[in-house]
Amino acid sequence: MAIINKKRGNYLEDFEPGQVFRHKGGKTVNAGLFNAFTDFSMTTNPLHKNAEYARFHGYDDLVVPPGLVMNVVFSQTVEDISENARANLEYINMRFGAPVYIGDTLEAETTIVGVQPSSKNNDRGVVHVSSVGRNQKGDVALAFERKVQVWKSDVNVNVESVKLETSPVVECEAFIPAYDASKKYATKAHLSNPDTYFEDFNASDVFEHSRGRLVTDEHIALTGQLDNTSQVHCNQFLIDQNPKKYIGGRLIVYGGVPFNLCLGLSCPDIADNSPADIVYTTGRHVGPIFAGDTVFASTEIRETRDFTGRDDLGLLAVTLRGHKFRDPKEGEEGPQKVDVFYLERELAVRRKSHYAS
Amino acid sequence: MAIINKKRGNYLEDFEPGQVFRHKGGKTVNAGLFNAFTDFSMTTNPLHKNAEYARFHGYDDLVVPPGLVMNVVFSQTVEDISENARANLEYINMRFGAPVYIGDTLEAETTIVGVQPSSKNNDRGVVHVSSVGRNQKGDVALAFERKVQVWKSDVNVNVESVKLETSPVVECEAFIPAYDASKKYATKAHLSNPDTYFEDFNASDVFEHSRGRLVTDEHIALTGQLDNTSQVHCNQFLIDQNPKKYIGGRLIVYGGVPFNLCLGLSCPDIADNSPADIVYTTGRHVGPIFAGDTVFASTEIRETRDFTGRDDLGLLAVTLRGHKFRDPKEGEEGPQKVDVFYLERELAVRRKSHYAS
Amino acid sequence: MAIINKKRGNYLEDFEPGQVFRHKGGKTVNAGLFNAFTDFSMTTNPLHKNAEYARFHGYDDLVVPPGLVMNVVFSQTVEDISENARANLEYINMRFGAPVYIGDTLEAETTIVGVQPSSKNNDRGVVHVSSVGRNQKGDVALAFERKVQVWKSDVNVNVESVKLETSPVVECEAFIPAYDASKKYATKAHLSNPDTYFEDFNASDVFEHSRGRLVTDEHIALTGQLDNTSQVHCNQFLIDQNPKKYIGGRLIVYGGVPFNLCLGLSCPDIADNSPADIVYTTGRHVGPIFAGDTVFASTEIRETRDFTGRDDLGLLAVTLRGHKFRDPKEGEEGPQKVDVFYLERELAVRRKSHYAS
């Protein structure tokens, strides 16, 4: 009799630049998953709520929100890339392509771009990867790079610092239905916030979004529904055996949960009239979230730009930040704000001139 | 740089009789939402469980239960009408119309009927509204009035007591598929409780429904899935900063949750053979619900009536009550029953003579 | 005025061999239910994740996993058979038949096989039943027997030990799509674990599955979504009035929840390349699960056999065990493993020779 204890996932020494992982599973986005995540995020954009509105605006059906597209693709990469990670360091150049609808199936693939051992700690290093998610027609729905800090399996193995000369090139352009001048868009304008058209935004404005949302231990089920296999989100016994090893000594909320939630909390002020997110140039989790935290968000408008080739739209370059509060320490007055999420985001926004007049 | 802190919702002084709000969002009832709410309610009526049974009885598909129809429409009115409310005082003349199926999209509209400042408290008053929810074909699925106690934004603003001469007239008649004498209804009769036909009910009987259901912090996600934006249901930090301001000093469960649950708990005794709820003449939340409460229900049969134009049906006029228990105070023996919900309800019920023989 | 307090369900003295129950409700498996249960289980078999993969392998759509098929059929039998049970003793000869897809409706029927009063305790006895679940076309999707310990309603009633000479014969053969030699199965092989083909298994190997999953009070909603009406899973007030009467003095997790979870936890090592579960010859819950427990599983390969008539498949006879840990008592070192679930399981598994080369 053999006792077999299979570990899934790879370690630092298992990666080499140029290596390609075609990830397991794939995922059909069904109505249950859509319902759980879309409304968990507190998004208010009717494209994600109201199928009639979405079809009127040129989509085939309810549009899966960017926070869920990101989560479905990202989660598929976890077992191969970050099951044995210490931390996810950075999202880079995350771009949205084909729209995703309920019933679509997304499959994911990752190319290793670089491997760099830690100069301080012999037991870990950074892996730089490029991932892409495609739908059942082969269209790219999401492409992104990320850097992740991964444990070695054997600290004595020597790992060299190597990287590809350039990251793989992945074509990924956001789908935005064409503007139809004969269509009476204004007849549906009451369904979204009237003060979130491109003309309403000014560079350097900062929106403190008014809503907050408690995250409960529901995060465990949400993470499982994404097929995210990382044990630090759901294996309480594992944590309890060695709490000091784990951040906070508790089950940590999977980063995709506050990622999705911060996008949603910002929606009524920023994205109610956005047909699509275009790119997240950089992003990172700057603090952990645990069950019991109430998450808030703010958005700084960095730049307002024309949208090339589309008179009906503008482009906002913004910084989305997520925060929570911690109890005051001695000498501090009142709860202290703690940053948890940082995302540089570009999104298309409709012009009032074309859609609400 | 401007710091922008947008507040959504209106205050007492923002309302005037005759004003019409076409609410934001709209909502497509998808299978995920249906699953979460229908079974949360513990309803047993096969119209909400078994698509074959529903089609056999003349519906197009699984029927969205009344508690979910009410919640989807009501929640859309929250931001405009009651985001800044202190309490929802009364549901009035809530009538059901077109059946709602998975995939249908409901949009809501509200007319202000009256505004009355409080004679005791200068900071609040009552708004009386008439709301209607329509599906994508324009058919009315739900119409109701309600009275809600709303805060002023500025206590120094004078608000006059004004109202429309009459409430708006909204046509809304319950859809009940025609009786087909050639159909062998009895072949499906085993799927519902055999003792809940019209002939089984007697005026003045009181049913103490045997099942109870613990409400956990799942209420936060359920409420979010309805797009109910009120922060008192999900923003723990807000409550913690000033617990005395909020009922119970805790996140309060959105009233639509026990509304839905009480309907479901009563179902096996009352509504297993009901093709439709017709009207809730009046209803109110007489006590708050918090996570950790177990909710129970009872139904008093007030009247049994013929259903005009339908020999195959009867009409029950009942009072549905919800309750929970609290710990005994000194001198009390055992847990004490606390009323939480009151609803005067009229529902159509099949006659055994036509459906089970 | 009459106060009516209806109790649902039957007691030991209500059962007699040969009696047939056509259960209430029926259940349409919608996408919400599928999403909640499939991913709760942590299954990794792409047949349950990826509709394109499922169709490529000859199914019509995403395949409802065996743990959910079992739960949907089983739960329908609860009110009539085990609403008043003390314990579910054994699952026997549980066989899977027609595949179940989202949108299918399952109805259930149970024949009483035997009734045996307890020789020790006058207030209870064992009922042996045979249940079958059929889809809307009348095809058998699941057939099983079970033994359940049921309370008497009146301890003074004499109950005789009686049983049918033989259990009812129910035809139920697992559906497995035909092998198509012209199809390039290997092009999809990267979507499942590469080390879980029939050739990878050896009799007497034991797999300690690496993942564990915390069960939270989400179990209440999951159980409700199955229409399982037993109050010991959701009525906190009932338990609190008499905690000593109930196992653990707490809401107990419905057995179908760990049943489903143990199957899922074993999936990456055992069933990633399984087209169908065939039969569970015997199974039982050997320990209770409560909210807060982290569940783990292991699988012992008992036998590897050819699959009659199918060169492309093999058959694994395995024992699936579930366990959790309890705190050490005095003198014990570290957390102690506690068995919670035992299932003898036979499943079809693809051969690498036919599917991955």
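Letters A, B, ... are given to chains in the order of the sequence lines, protein chains preceding strands, and every chain is numbered from 1. These values consider heavy atoms only, across backbone and side chains, with no hydrogens, waters or symmetry-generated copies.
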>> I'd like to know if the side chain of C:Thr299 pairs up with that of C:Arg345 as donor and acceptor (distance under 3.5 Å, no hydrogens or angles considered).
In response: no
>> Looking only at heavy atoms and a cut-off of under 4.5 Å, which of A:Thr216, A:Asn30, A:Leu226, A:Leu106 has the most pairs with chain C?
In response: A:Asn30
> Counting distance only, does the side-chain N/O of A:Gln19 pair as donor-acceptor with the main-chain N or O of A:Asp14 below 3.5 Å?
Replying inline: yes
> Do you know the tightest heavy-atom contact between C:Ala317 and C:Arg305?
Replying inline: CB-NH1, 4.2 Å
> Going by atom types only, do A:Glu83 and A:Asn10 share a side-chain donor-acceptor pair under 3.5 Å?
Replying inline: no
> Where on C:Ser204 is there a heavy atom nearer than 4.5 Å to chain A: the side chain, the backbone, both, or neither?
Replying inline: both
>> Heavy-atom pairs under 4.5 Å with chain A - which of C:Pro46, C:Pro194, C:Pro335 has more of them than the others?
In response: C:Pro335
> So which of C:Lys324, C:Glu208, C:His48 has the biggest tally of heavy-atom pairs under 4.5 Å with chain A?
Replying inline: C:Glu208
> Between C:Phe296, C:Tyr53, C:Phe325, C:Phe40, which residue shows the highest count of heavy-atom pairs closer than 4.5 Å to chain A?
Replying inline: C:Phe325
>> Quick check for you: among C:Glu300, C:His190, C:His209, which has the greatest number of heavy-atom pairs under 4.5 Å with chain A?
In response: C:His190
>> For the residue pair A:Lys6 and C:Phe207, would you count it as a cation-pi contact if the rule is NZ or CZ under 6.0 angstrom from the ring centre and within 45 degrees of the ring axis?
In response: no
> Nearest heavy-atom pair of A:Val150 and A:Asn84: which atoms, and what distance?
Replying inline: CG1-O, 3.7 Å
> Contact part of A:Gln76 toward chain C, heavy-atom cut-off under 4.5 Å: side chain, backbone, both or neither?
Replying inline: neither
> So what's closer than 4.5 Å to chain C heavy atoms on A:Gln225: side chain, backbone, both or neither?
Replying inline: both
> Quick one: which of C:Thr44, C:Asp272, C:Asn273 gives a side-chain hydrogen bond (donor to acceptor under 3.5 Å, both in side chains) with C:Ser192?
Replying inline: C:Asn273
> What are the two closest non-hydrogen atoms of C:Thr196 and C:Val349, and how far apart are they?
Replying inline: O-CG1, 3.6 Å
> Looking at A:His233, A:Lys7, A:Arg8, which makes the most heavy-atom pairs under 4.5 Å with chain C?
Replying inline: A:Arg8
>> I'd like to know if the side chain of C:Ser298 pairs up with that of C:His323 as donor and acceptor (distance under 3.5 Å, no hydrogens or angles considered).
In response: no
> Have C:Asn71 and C:Tyr254 got a donor and an acceptor in their side chains that come within less than 3.5 Å?
Replying inline: yes
> What option among A:Lys24, A:Gln236, A:Gln241 has the most heavy-atom pairs under 4.5 Å with chain C?
Replying inline: A:Lys24
>> For chain C, which candidate among A:Asn35, A:Leu238, A:Leu33 shows the most heavy-atom pairs at distances under 4.5 Å?
In response: A:Leu33
> By a 4.5 Å heavy-atom criterion (distance strictly below it), what part of A:Glu218 contacts chain C: side chain, backbone, both, or neither?
Replying inline: neither
>> So which residue, C:Ala36, C:Ala54, C:Pro268, C:Ser41, ends up with the most heavy-atom pairs under 4.5 Å with chain A?
In response: C:Pro268
>> Quick check on A:Leu251 against chain C: is it the side chain, the backbone, both or neither that has a heavy atom closer than 4.5 Å?
In response: side chain
> Where does C:Asp293 contact chain A at under 4.5 Å (heavy atoms): side chain, backbone, both or neither?
Replying inline: neither
> Considering only heavy atoms, which portion of A:Glu109 lies under 4.5 Å from any heavy atom of chain C: side chain, backbone, both, or neither?
Replying inline: neither
